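Remember, it's a predicted structure, so these values are computed and weren't measured experimentally. Chain naming here is simple, since letters A, B, ... match the order of the sequence lines and numbering starts at 1 in each.
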Amino acid sequence: MTVELFQPNQIEAAAQAAWNAGDVYRSDERSDRRKFYCVSMLPYPSGKLHMGHVRNYTINDVMYRHLRMKGLNVLMPMGWDAFGLPAENAAMKSGQPPARWTYENIAYMKKQMQAMGLAIDWSREVATCRPEYYRWNQWLFLKMLEKGIAYLKTGAVNWDPVDQTVLANEQVIDGRGWRSGALIEKREIPMYYLRITDYADELLAKLDEMPGWPERVKTMQANWIGKSFGVRFAFTHDIRNADGDLIHDGRMYVFTTRADTIMGVTFCAVAAEHPLAAAAARNNPKLAAFIDECKRGSVMEADMALMEKKGMPTGLFVTHPLTGAQVPVWVGNYVLMSYGDGAVMGVPAHDERDFEFAKKYGLPIQQVVAVSGEAFSLDGWQSWYEDKERCACVNSGKYDGLPYKEAVDAVAADLAAKGLGEKRTTYRLRDWGISRQRYWGTPIPIIHCPTCGVVPVPEKDLPVVLPEDCVPDGSGNPLNKRADFLQCTCPKCGGAARRETDTMDTFVDSCWYYMRYTCPDAKTMVDARNDYWMPMDQYIGGIEHAIMHLLYARFWTKVMRDFGLVNIDEPFERLLTQGMVLNHIFQRRTEKGGIDYYAPEEIDLTRDSVGKVIGARAKDDGKAVEYAGIGTMSKSKRNGVDPQDLIDRYGADTARLFVMFASHPEATLEWSDAGVEGAHRFLRRLWQYACEHGVEASQESTQDKTVRQLRFEIHSTLKQANFDYERLQYNTVVSAGMKMLNALEAQGSNEDSKAAVGEGLGILLRILYPIVPHTAYVLWEKLGYDKKYGTLLDAPWPEVDEKALVQDEIELVLQINGKLRGKLTASATATREMLEALARDSAEVTKHAEGRAIKKIVVVPGRLINVVV
RNA sequence: GCCGGGAUGGCGGAAUAGGUAGACGCAGCGGACUCAAAAUCCGCCGGUAGUGAUACUGUGAGGGUUCGAGUCCCUCUCCCGGUACCA
């Protein structure tokens, strides 16, 4: 065998040329093998790949190649989540239309993926910004509108009063617009919503039938849906609005999961947007000012939860439905109009938030439940109230002594008798608002007619095509300035009308792209090919998508099912949530309060004597930069690492090997390239060894002792690698490959070992191939294994020779009182009694027992003997 | 704040159902080869004490269960992800 230098560029070019020539990754539906459909969450075309992408697609590629060798009909497609905010941001900077930026990024990133040698069937490529894709977003939206699954309602957005535009949460920094620096206001505007809450029960219940999903993801989704049982009831009143009409027919509804504490209500709180608040503010300038204050600030849950709980009395009272007491109504900044009825009952004695609110504003606190053995105190919050199963009513009149469940039943029955309340199941989950006041997205197919009102675009007029030459400038949606898009005729009356300019949330795009891959040229949304490939066998993507994307995609699938488009309930059979790849973040505040991010390579770090980072400066101006800790790699934070340098320097196989070896796929990974050299060194060694020792196993291995030892090493390592492949723990598969090469190298080459070396090398190339396909593929052919097994793409997966694993003697650990004290060698067939005797008579036991009597001997077969004295 | 997850040598990580902690690498140190360097090869490599055998100690902190705990339970700290308009 001629020894050539290991030259990744040549090797990878040759392998990829062979694959492309044979179009070897194209999959179809005619195979008689079992299908396996595996998909990586489609990337946003932000410009360049980063390490998170490399990790994601390599995991998918490893799985593809492994299972294809195992004889499955595997499909791995790829596409682009091509609509979204970053393209508009880039447009504002460069003056180029988002479409151009997006298509250029797609072209570049596709080239990078091809250089990685991924087994992608590119004939199925989908870009969500193409009309032939998003027309079906529009089509299904119209069907949902028809069925009432989509509906119109108002919702709160961030309004920048200076730039006169709606901002995304990300564009609001410390309550100010990222470009204008202006204080942001909440504004209620009409939006389309999808009734995901109608599916809440099924979305929750089905989680129990999804064994292929990680527990943590199912727990997060279940908590997000947040099913709770309680009572919805009304406080009555006779408060009227500006027109003199009774507000909400004189009923202020609230929901509670703790109806057993209803006798402890000492106040109520409503949201700033609640009609009662508006009514009270009419003649109360101070309250009006407070309501205005509440409307400023963030709409984000995290901010809301952290902000100081503030309130102001309205001077209005409502009537307690059971006691008839007059209860003061407050406006609270922590009450959300979008959650439930926008009003809550206040029971300061037994709700932590109400307790703090009452303490702050001097409201009465009255104990109405107790747990035996626990003392009630006004000094601080006591968590035993939260343990509702232990609670029983006190100071509650007829309910006294009733435990939680009975008390809730009794209260609910009494409220129902008065026609003021009933038991109700509620969800934390809210309907999904999909309207975005942005340009670069799927146009919502609606026409506004002065005569007919809101008119859906007829199906025959789909798609409503988004013009691709707009350039956003930060002052609202550019579609509003496009007469050719805006002006249209009403499909109902034929009169002049205006087209809707809101576009859809990009989460709509990612709800079903994986179904379009199965039939990218279908004349309908999906066709029969989708029934072949779906449900997807394995979905792979970042843990950050554990809730929203995955829940929306599940919901969308159920809607498609209910329209008869698919015959599955759940889209994803198995889910692998890849850990985030993190890197350092450096930032500097702009004058207007925005944030400029600096890439790590643009920074000089100063460290103290122990190497701890104590300062950071920008290389360009030498001035200080704030270190913002560590966070997930992203374009927006500019802390992504482009894998291209790695690929150019060491080749794709080294990059793939290194990323797979670095950690378990599901573990978070702090980026460091220390160790890349080691990965490359390993491939070089493999190449060198294979070239020098490559022989086809043609004869039976001898029974020579070192040969038997080598075969034991190879087959036990193969067994481990098989197990690790099954549980998708690819980092230890790499370890197994390294161990195997170590074992082969340790074995000198001679006539006795020739067959075993040939066998071992054939196994090694196959277990490494999914991870380093180019090197393994080229070596496989160079060494002639293809003549025996065929091309490595479809070569049979190696089988463990159980006979090679049989050993005559085994080593057991000897413990005394659980402490390691020595080792024993015993026959593999030794009985428990023999092992106990062996331990009893050992020098270690004599020494460490120090004359104490043996109480017990624990024998773990094949592992250890623990002598308890 | 709330929900989910994580923390193991100087570093990345391994330990499959509670059973030898540190596999496999990186870095480092010592040596071989070399005029020299690189590359390569061999050896050492958690800490403390000891020439050594060995002993003690050690998986974020504190407590518990067990013959035995990185792994199970309780309390806490820090970090990461999500928190509904980043994707």
Under 3.5 Å, side-chain donor or acceptor atoms of residues 854-869 of chain A against the rest of the protein: list the pairs with distances, not counting sequence neighbours.
from	atom 1	to	atom 2	distance (Å)
Asn866(A)	OD1	Asn817(A)	N	3.4
Asn866(A)	OD1	Gly818(A)	N	2.9

**OP:** Under the side chain to side chain contact (heavy atoms under 4.5 Å, CB included) rule, what do Met660(A) and Ile59(A) come out as? Steps first, then yes or no, please.
**Re:** CA-CA 7 Å; Met660(A) 286 301 94; Ile59(A) 292 167; 3.7 Å; yes

Which part of the nucleic acid, if any, lies within reach of [X] when heavy atoms closer than 4.0 Å are counted: base, sugar-phosphate only, or nothing?
X	value
Arg430(A)	base
Asp724(A)	nothing
Arg353(A)	nothing
Val734(A)	nothing
His664(A)	sugar-phosphate
Phe682(A)	nothing
Ala302(A)	base
Leu429(A)	base
Gly542(A)	nothing
Gln171(A)	nothing
Leu306(A)	base
Met504(A)	nothing

**OP:** Would you please name every residue forming a side chain to side chain donor-acceptor pair (under 3.5 Å) with Gln729(A), sequence neighbours left out?
**Re:**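 With sequence neighbours excluded, Gln729(A) shows a side chain to side chain donor-acceptor pair (under 3.5 Å) to Thr732(A), given in chain and number order.
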
Original post:
Who are the side chain to side chain donor-acceptor pair (under 3.5 Å) partners of Asn89(A), not counting sequence neighbours?
Top reply: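 Counting only residues at least two positions away or on another chain, Asn89(A) forms no side chain to side chain donor-acceptor pair (under 3.5 Å).
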
Original post:
What residue among Phe6(A), Tyr689(A), Tyr650(A) forms side chain to side chain contact (heavy atoms under 4.5 Å, CB included) with Arg684(A)?
Top reply: Phe6(A)

Original post:
Considering residues, nucleotides and ligands other than Arg428(A), do more than 12 of their heavy atoms fall under 6.0 Å from its CZ?
Top reply: yes

Subject >> RNA chain B contacts among residues 41-55 of chain A, heavy-atom distance under 4.0 Å >> reply: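 Those residues are Tyr44(A).
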
Original post:
Which residue, Tyr193(A), Tyr552(A), Tyr199(A), Phe507(A), forms the ring pair (Phe, Tyr, Trp, His ring centres under 6.0 Å) with Trp432(A)?
Top reply: Tyr552(A)

Subject >> Where the chi angle of rG9(B) falls, syn if within 90° of 0 and anti if not >> reply: syn

Please enumerate all protein N or O atoms sitting under 3.5 Å from an N or O of nucleotides 45-48 of chain B, with distances to 0.1 Å.
none

Original post:
Does Leu864(A) or Ala736(A) map to a spot on RNA chain B nearer the 5' end, using the closest nucleotide for each?
Top reply: Leu864(A)

**OP:** Let me know, please, whether Glu745(A) or Gly675(A) comes out on the 5' side of the other along RNA chain B by nearest nucleotide.
**Re:** Gly675(A)

Contact list (N/O, under 3.5 angstrom) for nucleotides 37-40 of chain B vs protein:
from	atom 1	to	atom 2	distance (Å)
rU40(B)	OP1	Arg684(A)	NH2	2.8

Original post:
Is Arg353(A) close enough and on-axis enough to Tyr334(A), meaning under 6.0 Å and within 45°, for cation-pi?
Top reply: no

Polar-atom pairs under 3.5 Å, protein N or O versus N or O of nucleotides 59-62 of chain B: list them with distances, or write none.
none

**OP:** Could you list the residues that satisfy side chain to side chain contact (heavy atoms under 4.5 Å, CB included) with His545(A), not counting sequence neighbours?
**Re:** Met41(A), His549(A)

Subject >> Lys/Arg-Asp/Glu bridge criterion (N-O < 4.0 Å) met for Glu356(A), Lys359(A) >> reply: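 Looking at Glu356(A) and Lys359(A), the cut-off is not met.
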
**OP:** Please state whether the rings of Tyr539(A) and Tyr513(A) are parallel, tilted or perpendicular, taking 30° and 60° as the class boundaries.
**Re:**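 Because their plane-to-plane angle lies in the 30° to 60° range, the rings of Tyr539(A) and Tyr513(A) count as tilted.
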
Original post:
Considering only the C1' atoms, how many Å lie between rG68(B) and rA21(B), rounded to the nearest integer?
Top reply: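 Straight-line distance between the two C1' atoms is 14 Å.
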
Subject >> Rounded C1' spacing from rU8(B) to rG82(B) in Å >> reply: 27 Å

**OP:** Provide, to the nearest angstrom, the distance between the CE atom belonging to Met337(A) and the C1' atom belonging to rA84(B).
**Re:** 18 Å

Does a nitrogen or oxygen in the side chain of [X] sit under 4.0 Å from OP1 or OP2 of [N]?
X	N	answer
Arg821(A)	rC56(B)	yes
Asn731(A)	rA14(B)	yes
Ser672(A)	rC11(B)	no
Gln729(A)	rA15(B)	yes
Asn89(A)	rC86(B)	no

Protein-nucleic acid N or O pairs under 3.5 Å, nucleotides 65-74 of chain B:
from	atom 1	to	atom 2	distance (Å)
rC67(B)	O2	Asn866(A)	ND2	2.3

Original post:
Which dot-bracket string fits RNA chain B when only Watson-Crick or G-U wobble pairs with both atom distances under 3.5 Å count, crossing pairs get [ ], and | stands for a partner on a different strand?
Top reply: (((((((..(((......[....))).(((((.......))))).((((....))))..(((((..]....))))))))))))....

Subject >> Summary of side-chain hydrogen bond (donor to acceptor under 3.5 Å, both in side chains) pairs that have at least one residue in residues 45-54 of chain A, sequence neighbours excluded >> reply: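 Found none.
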
Subject >> Side-chain touch Trp224(A)/Leu551(A), heavy atoms, less than 4.5 angstrom >> reply: yes

Original post:
Strictly under 6.0 Å, is that where the ring centroids of Tyr134(A) and Phe83(A) end up?
Top reply: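 For Tyr134(A) and Phe83(A), the ring centres are under 6.0 Å apart.
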
Pairwise N/O distances under 3.5 Å, protein to nucleotides 2-7 of chain B:
from	atom 1	to	atom 2	distance (Å)
rC3(B)	O3'	Asn223(A)	ND2	2.7
rC3(B)	O2'	Asn223(A)	ND2	2.9

